[in-house]
Amino acid sequence: MIEIELDGKKVDIVEGSMIMHAAEKAGTYIPHFCYHKKLSIAANCRMCLVDVEKMPKPMPACATPVTQGMIVRTKSDKAIKAQQSVMEFLLINHPLDCPICDQGGECQLQDLAVGYGGTSSRYEEEKRVVAPKDVGPLISMKEMSRCIQCTRCVRFGQEVAGVMELGMSHRGEHAEIETFVGQSVDSELSGNMIDICPVGALTSKPFRYSARTWELSRRKSVSPHDSTGTNLIVQVKNNRVMRVVPLENEAVNECWIADRDRFSYEALNSDERLTSPMLKQGGEWKVVDWQTALEYVANGLSQIKADHGAQSIGALVSPHSTCEELFLANSLVRALGSQNIDYRLRHAEFPAAEGVRYLGTSVAALSELQRVLVIGSNLRKDHPLFAQRIRQANRKGCAVHAIGSQAQDWAIPVATRLLRDSSQWVQALAEVAAAVAQAQDVAAPVQATPGAEAQAIAKSLLGGERKAILLGNAAAHHERSSSLLALANWIGAQTGATVGYLSEAANTVGAQLAGATPGANGLNAGQMLAGALKAVILLNTEPEFDSAAGAQAKAGLTQAQMVVTLSPFKANMSFSDVLLPIAPFTETPGTFVNAEGRVQSFHAVVKPLGETRPAWKVLRVLANLLNLPGFDFESTQEVLAQSRGAMPADASHADAHLLSNASHHSVDLTPAVKQPVTASIYALDGMVRRASSLQLTADAKVQEATP
């Protein structure tokens, strides 16, 4: 640590830091545009010029290292005049279109121009004009004349997203930010460029010209998509979601969000929304009131239970549902006398529960890994923000290894790829275990002959200190998932690596905690989808798209006497008998538990649309109509407290003793027959599938072309 003087105050700061870092620590604001705490230093804009004693001219605070005894003045006449001169230059070519600019009201240039800009310009020449560019359905580059060449977007692509899709061409007044030869911006994190742009050069295409920032209410929420548990600010106008931006949380998503978190809100306002209960009568759908619909369901369930027994009733639930919804669905099914409930629609193996499968470490720890082995995951597309953290670890020297079916572009240098058909993944991991056993001179868990790739992975995992073995969506859904976990645990024990699941959905961990798996003699998702039930409750899921059965799920569910769909959308209409409109995450309070076990509750940000009702209320009233005891909840807080029993001292995390990736299954080297079923990036859930802008992206077109 060294000491400097900043505006008369003593500041202790780590040697090698910049003046800007010292100012941040001291709480002193220095105006800037190109500097961003998560990006490398470019020193482009020169707005952060400060007065450093014994320096003949002002110095950029973002690029000037501190030295012992340095004296810095950020408010002296010399510093202020330098900053005003830079602002004058920045405004020479900036268009005077603040009244129509989407950035108006939250623009750094606008804010700083008030403090450092002049009342008039000395320049009378014509302002330069930059041609608009079309870079895809998410980002608008129609007003690139506003660009001040801070290069934040360029550095974000290189350093955070891992793909340099934007760059600066030409020099001087002809310099402009553009893609290479008219290509589009296709990164799954591209929307963050909109947030970090300090002016209105990059704006959101779906949000463009739809509202002014001061008209919007800002409300906190949590993403309902992947298992990161991304913290969001949902911006609302006239009870309508208009925009979604990140809420900074260093322990979870830092200051970034994935594009599906940002743009999936379009589905909330789509024509696909189900706004009233509907019954199928004579093959035609009729709109009915809630009382009629719920009595129909209650009478149907009672009749089927009387005729066929409680075990003919079951529920297939989505891991994108809240903990409260899953707990009440589980309680309802079991109160009826059935054990048939499952969230594992995409799984091919259904082992008995041995613990709540989770990440095995914290989300933040992924950024500090030195070795990581990823098994059965398209990391970049399945978990964009986890991939971003591993990318940061890789930039600091982390060796990344992969076992999968094909060499996918993760925008991360992969040290070793062990590529096998998914049917041979257990054998491939057994080879890594055998290589570790040879190096450690211990007995291998199963016999295998390691190849060069397996030996390289083993050697790497035996080095370093912070290590992780991560099982992806395809590994979790694999027909030999238990064998993969058993081998991963053995390798982890020998190498000191943590073992965990990246987890597919927003509430995969929460679904396990809520008990949304079959009880003794209960049917699993595969059996229920095959047509083993007379009455099926579908909570927030579309089995045709959300299950391993795919299109065959329709045939299995058509065999049931009654199928009840609870969904925010007009879903499952070909085989359902009742549609009950339930609230999406923006219209209901609830709780998600992310991959690391972090419990995050949120409130509704808008009123339910039409006759939509929160699913937890629908399930509670249905239980009351069935005269089932123990369904007298008045709030989601009561449901959550009941589901978690005695709340732990740290209510922000799931009970540590419940989270476990331990496995006592033996290793089965028999090649798997079924291919693991995973959702592509913009087909993960009903909301994403109905977000029109996301479905126009290059990733969505790839998923359409993939059989």
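No experiment lies behind these values; they were computed from the predicted model shown. No hydrogens, no waters, no symmetry mates; every other heavy atom, side chains included, goes into these values.
- Side-chain rings of Phe585 and Phe592 stay apart, their centers remaining 6.0 Å or farther from each other.
- Cys48 approaches Cys62 most closely through the heavy-atom pair SG-N, 3.4 Å.
- Note on Asp102 versus Arg208: no salt bridge recorded, every NZ/NE/NH1/NH2 to OD/OE distance being 4.0 Å or above.
- Looking only at distances, a side-chain donor or acceptor of Thr495 sits under 3.5 Å from a matching main-chain atom of Ile491.
- Looking at Val605, Val244, Val236 one by one, the single match for side chain to side chain contact (heavy atoms under 4.5 Å, CB included) with Thr586 turns out to be Val605.
- Residues His94 and Leu91 meet the side-chain proximity criterion, which asks for heavy atoms closer than 4.5 Å.
- Residues Cys150 and Pro198 share a closest heavy-atom pair of SG-CD, 3.6 Å.
- Between Arg146 and Asp97 there is a salt bridge, since at least one side-chain N of the basic residue sits less than 4.0 Å from a carboxylate O of the acidic one.
- The minimum heavy-atom distance linking Leu502 with Ser227 is given by the pair O-OG, 2.5 Å.
- Residues Val688 and Ser264 approach most closely at CG2-CB, 4.3 Å, considering heavy atoms.
- The NZ atom of Lys701 sits 11.0 Å away from atom CG of Asp699, with the distance rounded to the nearest 0.5 Å.
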| field | CA sep, side-chain torsions, deciding dist, call: Glu504, Asp226, side-chain contact (heavy atoms from CB on, under 4.5 Å) | value | CA-CA 6 Å; Glu504 178 182 45; Asp226 64 35; over 6 Å; no
| task | Check the pair Phe33 / Leu90 against side-chain contact (heavy atoms from CB on, under 4.5 Å), numbers first and verdict last. | result | CA-CA 11 Å; Phe33 294 113; Leu90 288 175; 3.4 Å; yes
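- Summarising the local packing, CD of Glu250 is surrounded by more than 12 heavy atoms from other residues, nucleotides or ligands at distances under 6.0 Å.
- For the pair Arg357 and Tyr501, the NZ or CZ position fails the cation-pi test of under 6.0 Å to the six-membered ring centre and within 45 degrees of the ring normal.
- Summarising the geometry of Ala393 relative to Leu369, their closest heavy-atom pair is CB-O, 3.6 Å, with the distance given to 0.1 Å.
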| When you look at Thr361 and Glu596, which way does the side chain to side chain donor-acceptor pair (under 3.5 Å) test go after all the steps? | CA-CA 6 Å; Thr361 185; Glu596 72 172 31; over 6 Å; no
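- No side-chain heavy atom of Asp12 sits less than 4.5 Å from a side-chain heavy atom of Ile2.
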| said: Could you walk me through whether Glu165 and Thr179 satisfy the side chain to side chain donor-acceptor pair (under 3.5 Å) test, starting with their C-alpha distance in whole Å, then the side-chain angles of each, then the deciding distance to 0.1 Å, before giving a yes or no? | reply: CA-CA 6 Å; Glu165 295 179 296; Thr179 59; over 6 Å; no
| message | Please evaluate residues His477 and Thr678 with respect to the criterion side chain to side chain donor-acceptor pair (under 3.5 Å), reporting the C-alpha separation (whole Å), side-chain torsions for both, the decisive distance (0.1 Å), and the verdict. | response | CA-CA 8 Å; His477 303 163; Thr678 59; 5.9 Å; no
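- Using modelled atom types, one side-chain atom of Ser17 and one backbone atom of Val14 make a donor-acceptor pair closer than 3.5 Å.
- Taking CG from Asn594 and NE2 from His653, the interatomic distance works out to 7.0 Å, rounded to the nearest 0.5 Å.
- Of the inter-residue distances, the one linking Tyr265 atom OH with Phe207 atom CZ reads 7.5 Å to the nearest 0.5 angstrom.
- Atom NZ of Lys25 is surrounded by more than 12 heavy atoms from other residues, nucleotides or ligands within 6.0 Å.
- Heavy-atom neighbours of Lys133 NZ from other residues, nucleotides or ligands within 6.0 Å: above the threshold of 12.
- In this structure, the separation between SG on Cys34 and CZ on Arg155 is 5.5 Å, given to the nearest 0.5 Å.
- Salt bridge absent: Lys142 and Asp134 never bring a charged side-chain N and a carboxylate O closer than 4.0 Å.
- Not a single donor-acceptor pair under 3.5 Å links the side chain of Arg371 to the backbone N or O of Ala497.
- Between Arg128 and Glu173 there is no salt bridge, since none of the side-chain N atoms of the basic residue sits less than 4.0 Å from a carboxylate O of the acidic one.
- Minimum heavy-atom separation, Asp259 to Ser187: OD2-O, 3.0 Å.
- Checked against a 6.0 Å centroid threshold, the rings of Trp256 and His36 count as neighbours.
- A salt bridge is defined here as a Lys NZ or Arg NE, NH1 or NH2 lying under 4.0 Å from an Asp or Glu carboxylate O, and Glu106 with Arg212 fails to meet this definition.
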| request: Apply side chain to side chain donor-acceptor pair (under 3.5 Å) to Asn231 and Glu248, showing your working. | output: CA-CA 7 Å; Asn231 289 202; Glu248 186 170 347; over 6 Å; no
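- The pair Lys396-Glu368 meets the salt-bridge criterion, with a side-chain N (NZ, NE, NH1 or NH2) lying under 4.0 Å from an Asp/Glu carboxylate O.
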| request: Give the intermediate values and the outcome of salt bridge (charged side-chain N to carboxylate O under 4.0 Å, His left out) for residues Glu188 and Arg380. | output: CA-CA 8 Å; Glu188 62 286 346; Arg380 177 181 169 190; 3.0 Å; yes
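- In this structure, His32 and Tyr29 have tilted ring planes: the angle between them lies in the 30° to 60° band.
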| What do the steps show when you test Val509 against Leu659 for side-chain contact (heavy atoms from CB on, under 4.5 Å), and what is the final call? | CA-CA 9 Å; Val509 175; Leu659 299 175; 4.0 Å; yes
| query | Would Leu166 and Glu178 satisfy side-chain contact (heavy atoms from CB on, under 4.5 Å), going step by step from the backbone distance to the final call? | reply | CA-CA 5 Å; Leu166 294 176; Glu178 58 185 342; 5.9 Å; no
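- Salt bridge status for Asp685 with Arg260: absent, with no side-chain N to carboxylate O gap under 4.0 Å.
- Each of Val185, Asp186, Leu694, Ile194 was compared with Leu138 under the side chain to side chain contact (heavy atoms under 4.5 Å, CB included) criterion, and only Leu694 meets it.
- Side-chain atoms of Gln103 come within 3.5 Å of backbone N or O of Val199 as a donor-acceptor pair.
- To the nearest 0.5 Å, the span separating CG on Leu49 from CD1 on Ile19 amounts to 10.5 Å.
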